[in-house]
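Notes for the one structure printed next.
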Amino acid sequence: MNDGLVVADMGGLEAALAATEERVDAALKATAAVTRELKKAKTGAERGQLRDLRRALSAATALAGDAVRASTEAAESFSFDEKEYLASGSYAQELLETATAQDVAMFEADERLLCYPSLIKVLPADAVVEIDRRREKRLRPSVLLGLLATTQARPPRFRPEPFLESLESGYHLVRSQGKHRDAAVVRLLDVWGVLTLLPGQQRDYTRAEFARDLYLLDSSGVATAKSGRVLRWHASSGTRSSGTLATVAQTGQRQLYWGISFADRS
């Protein structure tokens with residue numbers, strides 16, 4: 001087993017980075033000591049203070065060796081195999097554990113991490129994560145959780161009205177394909193299927209993103225479409241099947257969606 005995976009087993013990426021940070025800090029202090037002596041030497045040369053000049057140059061030479069050793073130790077301290085760690089699922093697990101420790105709600109679904117209102121996807125080959133399709137290089141778990149917490153504090157960028165219209169269109173397509181009666185309940189997974197019929201669309205608009213948008217629509221209170229019909233949410237035994245869509249609510253609780261209908265206001 002290589003050193004990177006040993007470090008991963010001992011405490012994950014957070015621990016590895018903390019250890020390297022400490023080593024780098026020591027190297028910076030050693031380098032600062034060299035810089036101080038070189039500044040003294042420069043002053044001695046400028047003023048012709050020969051004994052001070054020789055003393056400072058001698059001290060700088062000795063301290064430079066310490067700085068080199070400290071820098072080498074810092075470089076050798078980080079032998080972490082990040083691609084293997086990210087690809088194995090260990091990084092995602094560390095994020096989940098860190099989120100729990102920091103009292104931040106996060107869970108895994110559809111190959112993504114859900115942390116309201118963000119969707120996080122780990123990209124091992126590039127050693128980055130995607131947060132709502134934006135690449136993020138800052139992978140230290142405590143830092144990434146801080147970024148997600150900041151996002152949670154801002155209102156989500158979501159327009160419920162256009163999404164409601166798309167949802168109604170998809171609903172009517174599913175209902176007509178299945179020859180269901182007017183105002184019948186249809187599965188949301190089937191609605192997502194007709195909204196992403198074109199090649200590549202399911203990759204561009206995933207189930208996890210659809211579930212997140214359903215929750216944002218639900219929590220917005222917008223339910224009446226331009227047609228005048230009202231959206232109604234339905235749960236059934238389907239909430240225990242593969243047809244259920246899951247996301248995380250603002251409260252941190254797991255939110256499940258299964259079916260909808262559109263009917264005239266009663």
Side-chain angles (χ1 to χ4, degrees), residues 105-121 129-136 148 150-178 180-236 238-239 241-266:
M106 175 185 286
F107 67 86
E108 193 168 11
D110 295 327
E111 300 182 346
R112 281 169 173 75
L113 296 172
L114 312 182
C115 183
Y116 174 87
S118 300
L119 302 178
I120 303 98
K121 183 178 182 180
V129 296
E130 266 188 358
I131 302 177
D132 297 329
R133 298 191 176 276
R134 292 186 178 182
R135 293 197 166 200
E136 177 56 64
L148 294 171
T150 299
T151 300
Q152 284 186 342
R154 297 195 298 261
R157 296 179 179 177
F158 177 76
R159 297 172 59 206
E161 291 82 5
F163 181 70
L164 178 62
E165 298 306 314
S166 296
L167 198 63
E168 186 185 26
S169 297
Y171 165 79
H172 287 307
L173 280 171
V174 173
R175 192 174 61 79
S176 63
Q177 287 176 355
H180 299 302
R181 60 177 176 78
D182 187 42
V185 177
V186 304
R187 293 196 318 164
L188 279 161
L189 191 60
D190 295 331
V191 175
W192 173 71
V194 300
L195 291 177
T196 55
L197 280 174
L198 295 178
Q201 282 190 329
Q202 292 192 359
R203 183 182 64 250
D204 294 335
Y205 187 52
T206 65
R207 286 172 43 153
E209 290 170 311
F210 183 55
R212 187 265 315 277
D213 290 346
L214 290 172
Y215 170 72
L216 292 175
L217 175 64
D218 189 9
S219 59
S220 74
V222 175
T224 304
K226 290 180 180 179
S227 65
R229 294 199 156 198
V230 179
L231 166 67
R232 291 188 172 88
W233 305 96
H234 297 271
S236 72
T239 56
S241 74
S242 59
T244 302
L245 296 167
T247 192
V248 60
Q250 190 171 10
T251 59
Q253 296 177 327
R254 191 181 181 93
Q255 190 80 11
L256 301 177
Y257 292 97
W258 181 78
I260 57 169
S261 66
F262 280 85
D264 293 331
R265 187 182 297 276
S266 56

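Keep in mind that this is a model prediction, so the values were computed, not measured.
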Nearest non-hydrogen partners of Gln152 and Cys115, listed with the distance
NE2-SG, 3.6 Å
Between the side chains of Glu209 and Arg133, is the shortest nitrogen-to-carboxylate-oxygen separation below 4.0 Å, so that they form an ion pair?
yes
I'd like to know if the side chain of Gln201 and the backbone of Leu197 have a donor-acceptor N/O pair within less than 3.5 Å.
yes
Decide side-chain contact (heavy atoms from CB on, under 4.5 Å) for Lys226 and Leu164; before the verdict, give the C-alpha distance in whole Å, the side-chain angles of both, and the deciding distance to 0.1 Å.
CA-CA 9 Å; Lys226 290 180 180 179; Leu164 178 62; over 6 Å; no
Within a strict 4.5 Å, meaning less than it, do heavy atoms of the Arg134 and Asp132 side chains meet?
no
Output all residues satisfying side-chain contact (heavy atoms from CB on, under 4.5 Å) with Arg154, sequence neighbours left out; order by chain, then residue number.
Thr150, Thr151
How far apart are the closest heavy atoms of Ala246 and Arg254, and which atoms are they?
CB-NH2, 3.9 Å
How long is the straight-line distance from OH of Tyr171 back to NE2 of His180, given to the nearest 0.5 Å?
9.0 Å
Would you compute the distance between atom OG1 of Thr247 and atom CD of Gln255 and round it to the nearest 0.5 angstrom?
8.0 Å
If you compare all heavy atoms of Tyr257 against all heavy atoms of Asp218, which two are closest, and at what distance to 0.1 Å?
OH-OD2, 2.8 Å
When you compare the side chain of Leu217 with that of Leu231, does any pair of heavy atoms fall below 4.5 Å?
yes
Short question: side chain of Glu165, backbone of Pro162 - any donor-acceptor pair under 3.5 Å?
no
Answer yes if the ring centres of Tyr116 and Tyr215 are under 6.0 angstrom apart, and no otherwise.
yes
Going through the checks in order, is the side-chain contact (heavy atoms from CB on, under 4.5 Å) test met by Leu113 and Leu119?
CA-CA 6 Å; Leu113 296 172; Leu119 302 178; over 6 Å; no
Over all heavy atoms of both residues, which pair between Ala105 and Gly252 is shortest? Give the atoms and the distance, please.
CB-CA, 3.2 Å
Using side-chain contact (heavy atoms from CB on, under 4.5 Å), reason through Thr196 and Phe210 one step at a time and then give a plain yes or no.
CA-CA 10 Å; Thr196 55; Phe210 183 55; over 6 Å; no
Can you see whether Phe262 has Arg232 sitting over its ring - NZ or CZ less than 6.0 Å from the centre and within 45° of the normal?
no
Can any side-chain N or O of Arg135 pair as donor or acceptor with the backbone N or O of Glu130 at less than 3.5 Å?
no
Donor-acceptor contact below 3.5 Å, side chain Gln177 vs main chain Val174
no
Derivation and outcome, salt bridge (charged side-chain N to carboxylate O under 4.0 Å, His left out), residues Asp213 and Arg159
CA-CA 10 Å; Asp213 290 346; Arg159 297 172 59 206; over 6 Å; no
Do you know which two heavy atoms are closest between Glu168 and Arg229, and how far apart they sit?
OE2-CB, 3.9 Å
Counting only N and O atoms by type, is there a donor-acceptor contact under 3.5 Å from the side chain of Thr206 to the main-chain atoms of Arg203?
no
From Leu167 atom CG to Phe163 atom CZ, the distance as rounded to the nearest 0.5 Å:
5.0 Å
Which heavy-atom pair separates Val194 from Gly170 by the least distance, and what is that distance?
CG2-O, 3.6 Å
From Leu114 atom CG to Leu148 atom CG, the distance as rounded to the nearest 0.5 Å:
11.5 Å
Any side-chain heavy atom of Arg207 sitting closer than 4.5 Å to one from Leu189?
yes
For the side chain of Trp233 and the backbone of Ser261, is there at least one donor-acceptor N/O pair under 3.5 Å apart?
no
Arg187 CZ to Leu245 CG distance, which is reported to the nearest 0.5 Å
9.0 Å
To the nearest 0.5 Å, tell me how far Thr224 OG1 sits from Glu161 CD.
10.5 Å
